Amino acid sequence: MEPAEKKPPAVSDLGAWGMNVVSSVGLIMANKQLMSSAGYAFSFATTLTGFHFTVTALVGWISKATGYSASKHVPLWELVWFSLVANASITGMNLSLMLNSVGFYQISKLSMIPVVCLMEWVLNSKHYTTKVISAVVVVAAGVGICTVTDVEVNAKGFICACVAVFCTSLQQITIGSFQKKYNIGSFELLSKTAPIQAVSLIILGPFVDYYLNGRWLLNYSFSTGATFFILLSCSLAVFCNMSQYLCIGRFSATSFQVLGHMKTVCVLILGWVLFDSALTIKNILGMLLAIMGMVVYSWAMESEKKAR
């Protein structure tokens with residue numbers, strides 16, 4: 001089977017973005033119900049991510065066994081290196097959220113946009129027009145206005161945030177680089193990296209989670225509802241992981257970061273609808289500004305393509 005990025009694609013560009021937004025927002029909502037104290041208090045985020053990649057690896061294995069996807073060679077050391085970077089990203093994000101205030105955590109996530117831009121410029125010699133840079137600033141400002149509240153940081157938290165931002169940015173750029181370097185499809189690449197991440201996170205996850213919240217996974221009482229939401233979370237994570245690789249393979253890590261903040265806007269709205277979260281004028285104005293920036297960014301990128 002031809003890689004998903006070759007034309008004609010099995011999934012349209014709009015379909016790939018739609019899959020990522022819907023699955024990501026659905027995953028966040030499911031995890032909120034699963035992990036919140038008002039829900040099932042399953043406070044094992046790193047181990048849960050290990051479950052996600054275990055199911056993703058299983059889907060990849062079934063796909064290969066049934067002949068749906070082919071297997072192309074990627075050096076094992078590169079897969080292991082990528083998996084280490086990806087796991088450092090996940091662990092760093094969890095530690096950053098634990099050690100820092102929510103406000104600083106949101107700022108660190110926003111900082112990924114300029115970091116990705118800088119890394120793409122350094123590693124891939126990519127240049128950006130004034131229109132694109134302006135749109136990126138508008139998006140970051142809008143998301144910042146509607147998400148950033150209290151900002152508190154300490155030395156350990158700052159280091160964890162820096163590791164998380166650097167590793168996440170590097171991971172996303174590497175996804176696109178691997179797909180071009182080895183002419184490998186999104187799902188094929190995910191199928192190769194998922195088993196390594198699954199094994200490592202399942203082994204290390206419980207220890208990381210114990211450090212984060214002082215609870216062991218073995219002491220958790222699995223109810224029917226908690227089990228259902230774990231399975232739902234894993235199912236949504238498969239589509240989320242697939243669509244992330246698909247989007248970055250077709251577009252760029254920068255576009256994925258910028259347009260990906262649409263998920264932040266959707267989460268705020270759904271949190272207000274489903275969980276009675278507060279939605280202030282400041283939130284609404286920030287969301288409108290972020291949406292305007294995303295529209296301008298899309299227009300600027302389209303203009304850049306036509307100019308070429």
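Predicted model only: the values in this text are computed from it and were never measured. The figures here come from the full heavy-atom set of this structure, side chains too, leaving out hydrogens, waters and symmetry mates.
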Would you sort out whether D209 and R215 count as a side-chain contact (heavy atoms from CB on, under 4.5 Å), showing the intermediate values? CA-CA 7 Å; D209 289 329; R215 299 174 60 194; over 6 Å; no
Would you say that [X] contacts [Y] through its side chain, given a criterion of any heavy-atom pair below 4.5 Å between the two side chains?
X    : Y    : value
F82  : I175 : yes
I184 : K192 : yes
T46  : L204 : no
Q197 : I90  : yes

Roughly how far, to the nearest 0.5 Å, is the [atom2] atom of [Y] from the [atom1] atom of [X]?
X    : Y    : atom1 : atom2 : result
M93  : C160 : CE    : SG    : 11.5 Å
I230 : T47  : CD1   : OG1   : 10.0 Å
S63  : E188 : OG    : CD    : 8.5 Å
L231 : S235 : CG    : OG    : 6.5 Å
H52  : N241 : NE2   : CG    : 8.5 Å
S233 : M35  : OG    : CE    : 8.5 Å

Taking all non-hydrogen atoms of both residues, which atom of [X] and which atom of [Y] are closest, and how far apart?
X    : Y    : value
G50  : L201 : CA-CB, 3.6 Å
A88  : C167 : CB-SG, 3.7 Å
L236 : L27  : CD1-N, 3.6 Å

Within the supplied structure, the quantity of interest is the number of heavy atoms (other residues, nucleotides, ligands) at a distance under 6.0 Å from F222 CZ; does it exceed 12? yes
More than 12 non-hydrogen atoms from neighbouring residues, nucleotides or ligands closer than 6.0 Å to CZ on F229, yes or no? yes
Identify all side-chain donor-acceptor contacts of residues 285-294 below 3.5 Å with residues at least two apart in sequence or on another chain.
none

Answer yes or no: is there a donor N or O on one side and an acceptor on the other, between the side chain of T168 and the main chain of V165, under 3.5 Å? no
When you measure from the side chain of S243 to the backbone N and O of C240, does any donor-acceptor pair fall under 3.5 Å? yes
Under 4.5 Å side-chain linkage, directly or through intermediates, the cluster mates of W216: F207, Y210
Under a 4.5 Å side-chain heavy-atom rule over Ile, Leu, Val, Met, Phe, Trp and Tyr, are [X] and [Y] clustered together?
X    : Y    : result
L48  : V55  : no
F44  : I202 : yes
L232 : M19  : no
L79  : F187 : yes
L76  : W81  : yes

Can the ring centroids of F42 and Y40 be said to lie less than 6.0 angstrom from one another? no
For a side-chain hydrogen bond (donor to acceptor under 3.5 Å, both in side chains) check, start with the C-alpha distance between Y245 and T193, then their side-chain angles and the critical distance, and finish with the verdict. CA-CA 11 Å; Y245 279 56; T193 58; 3.2 Å; yes
